[in-house]
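Any value given below was found using the heavy atoms of this structure, including those in side chains, with hydrogens, waters and symmetry copies removed. Residue numbers begin at 1 in each chain, while the letters A, B, ... track the order of the sequences.
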Amino acid sequence: MGIKGSARNFLLKNKQINPYRFSWDSTFRYLTNSIRFLPHFLIIGTSKAGKYSVLSYLNQHHEISAGFKDHAGVHYFDGSFEINSISWYRSHFPTKISKFKIVGEAPGTYLTNPSAPIRIKKVLPNVKLINFFRNPVNRAYSAYNHAVRYGWEHSSFENAIEAEIERMNLLKDNSDMKINNENSVNYLQFSYLRHGLYANNLENWFDEFEEKQFRHYSTEELDENYNEIMNSLFTFFGIKNIELTKVKRKNVGVEKVLHEPMKEKIREFLIDFYKPHNEKLFRMIKKEFQWE
Amino acid sequence: MEINKIINWIGNGKKIPATEKFDYKEKSSNKGMLRRWEPFEDTLSAAIMSGLEIIPINKSTNILYIGKIDKEKQFNYLDLIENKQKNFIFDKEYKNMNSEIENFQYIDNLEEIKGKLFSVIYVNDDTISIKNIINILDEFLDEFGYLIIVLSRSSEKEFNDSFKKLSESLHVIQEINIENYFSNKSLIIFSNKKIISEFN
């Protein structure tokens, strides 16, 4: 390893003295954390379900500060909870003297992390929790294409799904093979199938929070009824309703597909696979989405 | 069975992998001690940090490791197999070198282990062609064994060719991009078990 590589490794291993991590902005934010909001709402689910469109709508309201394209969520509760303090988390949000009345973040990944609801309950017991669910069949394919685009995945969609099923079977039959890693990527990047088991994931949340703290929508209904849905959220937040401007769907992975369209055989498999899980979800949230 | 407690070392503001020291466990029945498993220095540890879901190494595993591995990392692997199996390191540059660890033996010629079967073959050497790797797998990988391989992504075409050739004879279990720790590298776990596809 050359000098450059050694220096890089040293700085990566010794973050506390790494000058590249220093920032006036984050230092200022940290020093002023006590006058900053903690979030009033969290968009907990799900990834590849139109999160950036939701943020575009939320940010049209002048009293709301939600995340934005490059910083949708802090990922505190599924990433750095054991390492960073609540003061650190608070430093990411606006001050109480800003124009904002309602602040939130939208990681869209908390839903699938088993530790997230317990951690959030401790820090934000009265927070409002929002889900945007997407038809899990399309969500799985969108997540796969996302992984292909980023060079994380080189298998076909069918083989990637089979590999995930094989991992699920191996973990079921050989618990000594399981790596006890709560790192969020385990629940996101490599779970095309499991990420869509919304009902199973939601059960953990229903154990911790009251039903009245949740709102559940589908990505598909957002496209059609954005005004109605977003204003129902504004009412939920206790702020006035506004007329929203339609935004073009953000970050639509399907437009950048590198692989061929999903084969009919696997679509049928996924529809059958998700059917009982979707029905369970609809019973839990007392609402039905038109997912075919 | 007990779940692996691999991710449990908090250091430098981050949780990183550690293994439970087998040599300490042998000497004492008290609570185990941990051995740090540095992800910037070992590709499997890097893969764990990057989202690897399963680790096919346990007490009954014997490993054929192809590539360079230092003593400290050998101990991490021995922790996982609890020093129960004889393992081999195939590294041509380490001719006639004796490992200080009894259960890791260096070899510079695969003839020395002819007839042996391994439950894990770990390939961490860019200089060996995929054709040679496939020949090694044919000869030395147990029928229910696993291949753990680190492939360079410096050339996307070469990576794709290698991935495709290996996928023809083995079944992908998980592909992990480890470039946060090893520039332009991916680690892939393949299973030798034949799986009949429902979709193709």
Side-chain angles (χ1 to χ4, degrees), chain A residues 1 5 8-10 12-18 21 79-80 82-84 147 150-171 173-191 194 262-270, chain B residues 1-8 10-17 38-41 44 47-60 80 146 151 153 156 159-160 162-164 167 171-177 179-181 183-184 186 188-191 193 195-200:
Chain A
M1 189 184 291
R8 177 179 178 271
N9 277 356
F10 178 79
L12 284 166
K13 282 186 210 168
N14 296 279
K15 289 183 175 176
Q16 69 279 14
I17 58 162
N18 182 346
R21 288 185 79 235
S80 61
E82 287 168 314
I83 308 298
N84 289 316
Y150 279 85
W152 303 331
E153 183 68 79
H154 289 80
S155 297
S156 67
F157 184 52
E158 299 77 43
N159 289 349
I161 292 292
E162 279 179 337
E164 187 177 346
I165 293 170
E166 181 62 12
R167 292 200 301 276
M168 288 157 70
N169 290 337
L170 282 170
L171 291 173
D173 301 336
N174 309 277
S175 60
D176 60 338
M177 279 185 153
K178 185 176 165 63
I179 295 168
N180 193 20
N181 183 3
E182 289 206 351
N183 191 320
S184 63
V185 288
N186 278 16
Y187 301 97
L188 180 65
Q189 191 174 320
F190 304 102
S191 60
R194 286 165 291 178
M262 196 190 314
K263 288 179 185 164
E264 208 43 48
K265 215 168 178 181
I266 192 155
R267 180 178 288 281
E268 284 167 14
F269 166 82
L270 292 175
Chain B
M1 264 192 264
E2 194 186 347
I3 289 174
N4 255 309
K5 291 171 187 162
I6 287 172
I7 293 270
N8 47 16
I10 295 181
N12 293 329
K14 199 165 191 181
K15 251 186 170 181
I16 69 159
E38 181 52 63
F40 284 99
E41 291 168 12
L44 190 56
I48 290 168
M49 286 300 287
S50 306
L52 185 70
E53 278 193 76
I54 65 153
I55 188 156
I57 300 175
N58 58 29
K59 287 175 211 171
S60 59
L80 295 176
Y146 294 89
L151 291 178
R153 293 176 58 228
E156 198 64 20
F159 179 91
N160 284 333
S162 303
F163 187 85
K164 198 174 163 198
S167 302
H171 184 82
V172 178
I173 296 293
Q174 197 173 4
E175 176 188 349
I176 307 280
N177 181 339
E179 67 185 1
N180 283 347
Y181 302 92
S183 180
N184 282 324
S186 283
I188 306 143
I189 295 188
F190 290 94
S191 162
K193 192 173 89 175
I195 294 171
I196 298 158
S197 173
E198 281 185 52
F199 309 121
N200 294 318

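- The closest side-chain donor-acceptor pair between B:H171 and A:E166, if any, does not fall under 3.5 angstrom.
- Inter-residue side-chain proximity for B:E156 and A:H154 is flagged as met; some heavy-atom pair is nearer than 4.5 Å.
- Residue contact with chain B, scored on non-hydrogen atoms closer than 4.5 Å, involves the side chain of A:L170 exclusively.
- Between B:I57 atom CD1 and A:M177 atom CE the span is 9.5 Å, to the nearest 0.5 Å.
- Note that CD1 of B:I54 and CG of A:N169 are 11.0 Å apart. Values are rounded to the nearest 0.5 Å.
- Interface residue B:Y146: only side-chain heavy atoms are found under 4.5 Å from chain A.
- Listed here is the closest heavy atom pair of A:F190 and B:E175: CE2-O, 3.3 Å.
- The structure places NZ of A:K178 at 7.5 Å from CD of B:E53, a figure rounded to the nearest 0.5 Å.
- Taken to the nearest 0.5 Å, the CD atom of A:E153 stands 10.5 Å off from the OG atom of B:S186.
- Taken from CD in A:E164 to CD1 in B:I173, the straight-line distance is 12.0 Å, to the nearest 0.5 Å.
- Summarising the geometry of B:F163 relative to A:S155, their closest heavy-atom pair is CZ-OG, 3.5 Å, with the distance given to 0.1 Å.
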